[in-house]
Undergrad: 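Take a look at this one; I'll ask things after.
As the structure is a prediction and not an experimental result, all values here were calculated from the model.
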Amino acid sequence: MASPTIYFLMENNSAPAFRFSRNFTVTDADIDELGHANNVQYVRWVQDTAGAHWLSAYPPGERDAFIWVVLEHRIRYHRPSFAGEELRGTTWIGEIRGAQCQRFVRIERVSDGVLLCEAETQWVLLDPRSQRPKRVEEAVVKRLWGPMG
């Protein structure tokens with residue numbers, strides 16, 4: 001797998017949102033009876049892209065104080081993908097309120113840049129000991145909105 005790409009983009013006069021990208025390839029196992037990647041695979045790719053961003057922002061030894069769980073996914077499918085195609089998942093953080101964090105993901109075909117899928121996910125931060133919602137602290141916000149070192 002190629003190294004992730006990280007770049008800066010300002011969203012409509014909102015807070016700065018650094019975008020994180022990773023490339024991956026559609027496998028034969030991702031294909032359904034209709035001959036294209038199953039919609040469930042897109043959900044996995046959305047989550048994997050979000051996870052890769054988190055792992056880049058918080059390396060081993062710094063992650064143990066956090067657990068993220070999905071509250072809600074909203075996904076729009078635009079075009080199918082097929083076995084062997086290289087895709088790019090790009091994610092960025094939107095609004096953060098209390099324990100909730102809005103995250104966006106776009107999945108595009110690398111060869112022509114065609115948008116295949118876009119998603120908005122509401123994540124909730126949990127305290128690892130109590131498993132209860134935990135307010136997203138300013139230091140976490142800055143790290144997620146900032147460039148990866």
Side-chain angles (χ1 to χ4, degrees), residues 1-27 29-30 37-79 81 83-149:
M1 177 180 359
S3 298
T5 303
I6 300 148
Y7 54 96
F8 179 76
L9 182 74
M10 188 68 115
E11 292 291 309
N12 302 333
N13 298 324
S14 65
F18 284 82
R19 293 192 176 197
F20 172 91
S21 293
R22 72 179 192 95
N23 291 0
F24 53 94
T25 302
V26 180
T27 68
D30 298 328
N38 188 285
N39 292 355
V40 172
Q41 297 307 319
Y42 282 93
V43 175
R44 181 175 57 88
W45 295 332
V46 163
Q47 289 191 185
D48 288 352
T49 300
H53 177 219
W54 175 254
L55 296 178
S56 291
Y58 280 86
E62 296 184 43
R63 305 179 188 140
D64 298 339
F66 308 96
I67 297 174
W68 289 99
V69 295
V70 171
L71 178 65
E72 176 184 41
H73 282 299
R74 291 181 21 195
I75 298 179
R76 178 171 292 236
Y77 303 98
H78 295 281
R79 301 261 191 282
S81 61
E85 290 184 326
E86 186 177 12
L87 307 183
R88 176 177 301 112
T90 302
T91 187
W92 65 98
I93 301 298
E95 184 179 2
I96 297 174
R97 287 186 339 263
Q100 289 189 33
C101 178
Q102 178 186 41
R103 180 182 283 277
F104 297 95
V105 175
R106 291 173 54 95
I107 298 175
E108 301 167 322
R109 192 168 37 239
V110 171
S111 64
D112 58 8
V114 168
L115 177 63
L116 305 177
C117 171
E118 53 190 339
E120 176 187 341
T121 303
Q122 290 294 327
W123 291 85
V124 177
L125 181 63
L126 300 180
D127 179 275
R129 288 178 221 60
S130 69
Q131 304 268 314
R132 307 269 309 150
K134 171 182 177 176
R135 177 173 289 282
V136 180
E137 297 172 0
E138 188 64 29
V140 174
V141 173
K142 285 181 181 177
R143 182 130 1 145
L144 291 175
W145 276 348
M148 306 303 130

Undergrad: With side chain to side chain contact (heavy atoms under 4.5 Å, CB included) as the criterion, how do Glu137 and Leu125 come out once you've worked through the C-alpha distance, each side chain's angles and the decisive distance to 0.1 Å?
TA: CA-CA 10 Å; Glu137 297 172 0; Leu125 181 63; over 6 Å; no

Undergrad: Locate the shortest heavy-atom distance separating Ala50 from Trp123; write the atom from each residue and the value.
TA: CB-CZ2, 3.9 Å

Undergrad: Find the distance between CD1 (Ile107) and CD1 (Ile75) and round it off to the nearest 0.5 Å.
TA: 8.0 Å

Undergrad: Does Glu86 offer a backbone N or O that forms a donor-acceptor pair with the side chain of Thr25 under 3.5 Å?
TA: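 Answer holds: no.
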
Undergrad: How long is the span from the CD atom in Gln47 to the CH2 atom in Trp54, to the nearest 0.5 Å?
TA: 15.5 Å

Undergrad: Check Val43 against Tyr77 and note the closest heavy-atom contact, atom names and distance.
TA: CG2-OH, 4.0 Å

Undergrad: State the CD-SG distance between Glu108 and Cys117, to the nearest 0.5 angstrom.
TA: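 That separation rounds to 10.5 Å.
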
Undergrad: Measuring from atom CZ of Phe24 to atom CZ of Arg88, what distance do you get when rounded to the nearest 0.5 angstrom?
TA: 10.0 Å

Undergrad: Distance only, no hydrogens: is a donor on one side chain within 3.5 Å (strictly under) of an acceptor on the other, for Thr49 and Arg22?
TA: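 Judged by distance alone, the side chains do pair up.
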
Undergrad: With a 4.5 Å heavy-atom cut-off, do Val105 and Thr121 have their side chains touching?
TA: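 Not touching, per the 4.5 Å side-chain cut-off.
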
Undergrad: The test is side chain to side chain contact (heavy atoms under 4.5 Å, CB included); show your working for Tyr42 and Leu116 and say whether it passes.
TA: CA-CA 9 Å; Tyr42 282 93; Leu116 305 177; 4.0 Å; yes

Undergrad: Heavy atoms only: give me the nearest Tyr58-Ala139 pair and the separation to one decimal.
TA: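 Looking at all heavy atoms of both residues, the shortest contact is OH-O, 4.0 Å.
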
Undergrad: Quick one: CZ on Arg143 to CD on Glu62, what's the gap to the nearest 0.5 Å?
TA: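 Arg143 atom CZ to Glu62 atom CD measures 4.5 Å (nearest 0.5 Å).
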
Undergrad: Output the distance between atom CD (Glu120) and atom CD (Glu72), rounded to the nearest 0.5 Å.
TA: 7.5 Å

Undergrad: More than 12 foreign heavy atoms under 6.0 Å from CZ of Arg79: is that the case here?
TA: no

Undergrad: Looking at Trp68 and Val136, what are the two nearest heavy atoms and their distance?
TA: CH2-CG2, 3.8 Å

Undergrad: State, with a plain yes or no, whether a side-chain heavy atom of Pro128 is found less than 4.5 Å away from one of Asp64.
TA: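 They are not in contact (no side-chain heavy atoms under 4.5 Å apart), so the answer is no.
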
Undergrad: Do Leu55 and Arg63 make a side-chain contact, defined as non-hydrogen atoms from C-beta onward lying under 4.5 Å apart?
TA: yes

Undergrad: Compare every heavy atom of Gly94 with every heavy atom of Phe104, then report the nearest pair and how far apart it is.
TA: CE1-CA, 3.9 Å

Undergrad: Report, as yes or no, whether the 6.0 Å neighbourhood of atom CZ on Arg44 holds more than 12 heavy atoms from other residues, nucleotides or ligands.
TA: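 Yes, the 6.0 Å shell around CZ holds more than 12 heavy atoms from other groups.
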
Undergrad: Taking all atoms of both residues into account, what is the closest heavy-atom pair of Ile96 and Ile93, and its distance?
TA: CD1-CG2, 3.7 Å

